[in-house]
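Input: a single structure, listed below in structure tokens.
Just so we're on the same page: letters track the sequence lines, and every chain starts at 1.
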Amino acid sequence: MNDIIVLSIESSCDETSCAVIKNGNEVLANIVSSQINIHQKFGGVVPEVASRHHVGNITLVIDEAIKEANIDVKDITCVAVTQGPGLIGSLLVGINAAKAFSYAHNLPLIGVHHIAGHIYANHLVQNLEFPLLALVVSGGHTEIIHMTSHLSYEVIGKTRDDAVGEAYDKVARVCKLPYPGGPHIDKLAASGKDIYHLPRVMLDQDNFDFSFSGLKSAVINLVHNAKQRNEEISIPDLARSFQESVVDILVGKTLKAVEKYPVKQLLVAGGVAANSGLRNRLNEEIKHYPYLKLIIPPLKYCTDNAAMIGVCGTFSYLKGERSDLSLNGYANLDLK
Amino acid sequence: MYSVKVNNEEETLIVAYHLGKKLFPGCLITLDGDLGAGKTTFTKGIAKGLEIKQIVNSPTFTIIKEYEGKLPLYHMDVYRINDDEDLGFDEYFYGNGVTVIEWANNIRSLLPHERLSLNIVILSDNARHLKFTPFGKKYGQICEDLKHEKIID
């Protein structure tokens, strides 16, 4: 059988990325142009600004990826692109580039769900085996997904308010730490102690849903009340207390799901998978489940990247899924 | 100025819900108040009044979130934005939806004159004082209507 070479594009948020994936598990190129320095001064991703930078970067990353992969355009089998969810202006830049490329070179076009991409990043570490559970944690998502076969997704739990990454950014703001908040809190937490006893919201409930809004409010109230009493708050201790609560909730809910759904693999996906507190705890807890394999992708495949879209796109291609030139972007898109 | 004291999150949501029901295309609501005052909670109530079914959460990470309902809702958090940055606000302010801006004081010079300004003052862990200042006739009428319905004083 001929090699399947997928050219993939991801532009759903603030990274412009193009990758070339061979046979679903070999990364020939994965070019990521991050806008993080641009958005840092705003303390978050500004949609209008992100779109403009995607437009400036998209053809550059495509050229770079093809060059680095050392392939000829005629070697490419199909084009895969993130169609949602994400920022609509950002998504459309990648989608239109993908459409133009597929039209110009007469290649099949495949739309890929961003979260499915995050899950399939794990396939670059180890072949996916079913059934499996995936914990997806990022700036925009907090979900537990059950899969019994390729490309079939059942969302068994999700956040009822803020995504976990959003809670990190907000708590970083309270602690006057820079954006993005996650890495800063993670670093400070290592030197702090869990002395503030923050709530573990919804951990006792018999479902797999999350809520981080209450935890965020608890942090704000703690800081506010301390200020009124002229008491000093230890930022490392607060960071540790917050992180312990988040990790307790994420890991607690995930293990509950593992008890209910007998699976072979537990995957972690999304930017918050880079968090050392979460990684350490999962590595510890997984020892109680000798039959279960834990997969956490390397950092470069946790954050947004086109390689993961190319992997998922390969499976979609093999299944016969095709999009036509009417392919559109969707800010909100359910995983089905 | 119009105002009302609320004892908890539920009461905040009720006030915001009734406000949301009265909004029309091109409305601008600005929200100010300390961290944790309840700006996002208030926006959730407005969203309910606009018959938005999706989960409305904090736009900290993406700064602007858009939702579809009876009218579109544009929810912004301009905590770290300054007056001198043009982020395409006019397209929202003069669009077909309702714009809600958290930390609006940070971009005061970019705001159109006509708007409804809400300042949320923290009284205790749960109680809040909601202070409304309408700019322009249309927003004055909305406040009068809410007062007439005994939602605010």
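For V46(A), the parts lying near chain B are the backbone and the side chain together; criterion is any non-hydrogen pair under 4.5 Å. The contact between Q54(B) and chain A is made entirely by side chain atoms (from C-beta outward), counting heavy-atom distances below 4.5 Å. Contacts between Y168(A) and chain B at a heavy-atom distance below 4.5 Å are absent for every atom of the residue. Only the backbone of T159(A) comes within contact range of chain B, judged by heavy atoms closer than 4.5 Å. Residue H39(A) does not touch chain B at all, counting heavy-atom pairs closer than 4.5 Å. Both the backbone and the side chain of I64(B) come within less than 4.5 Å of a heavy atom of chain A.
Residue K187(A) qualifies as open at atom NZ: its count of foreign heavy atoms under 6.0 Å is 12 or below. The neighbour count for E231(A) CD, taken as heavy atoms of other residues, nucleotides or ligands under 6.0 Å away, is above 12. Annotation for K48(B): atom NZ does not count as buried by contact number, only 12 or fewer foreign heavy atoms lying within 6.0 Å. More than 12 heavy atoms of other residues, nucleotides or ligands shown are found within 6.0 angstrom of CD on E149(B). Enclosure of atom NZ in K22(B) by more than 12 non-hydrogen atoms of other residues, nucleotides or ligands within 6.0 angstrom is indicated. Other residues, nucleotides and ligands contribute over 12 non-hydrogen atoms within 6.0 Å of the NE2 atom of H141(A). Atom CD of E11(B) has more than 12 heavy atoms from other residues, nucleotides or ligands within 6.0 Å.
Using a 4.5 Å heavy-atom threshold, the side chains of P47(A) and K65(B) count as separate.
To the nearest 0.5 angstrom, D34(B) atom CG is 7.0 Å from K227(A) atom NZ. Rounding to the nearest 0.5 Å gives a distance of 9.0 Å between CG of N332(A) and CD of E68(B). If you take NZ on K170(A) and OH on Y79(B), they are separated by 9.5 Å, rounding to the nearest 0.5 Å. Rounded to the nearest 0.5 Å, atoms CD1 (I55(B)) and OG (S213(A)) are 11.5 Å apart.
Listed for the D162(A) side chain is a donor-acceptor partner under 3.5 Å among the backbone atoms of S58(B).
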Run the numbers on D77(B) and R173(A) for salt bridge (charged side-chain N to carboxylate O under 4.0 Å, His left out), then give the verdict.
CA-CA 12 Å; D77(B) 176 344; R173(A) 190 184 278 187; 3.1 Å; yes
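The side-chain contact (heavy atoms from CB on, under 4.5 Å) test with N221(A) is passed by exactly one of L35(B), D125(B), I122(B): D125(B).
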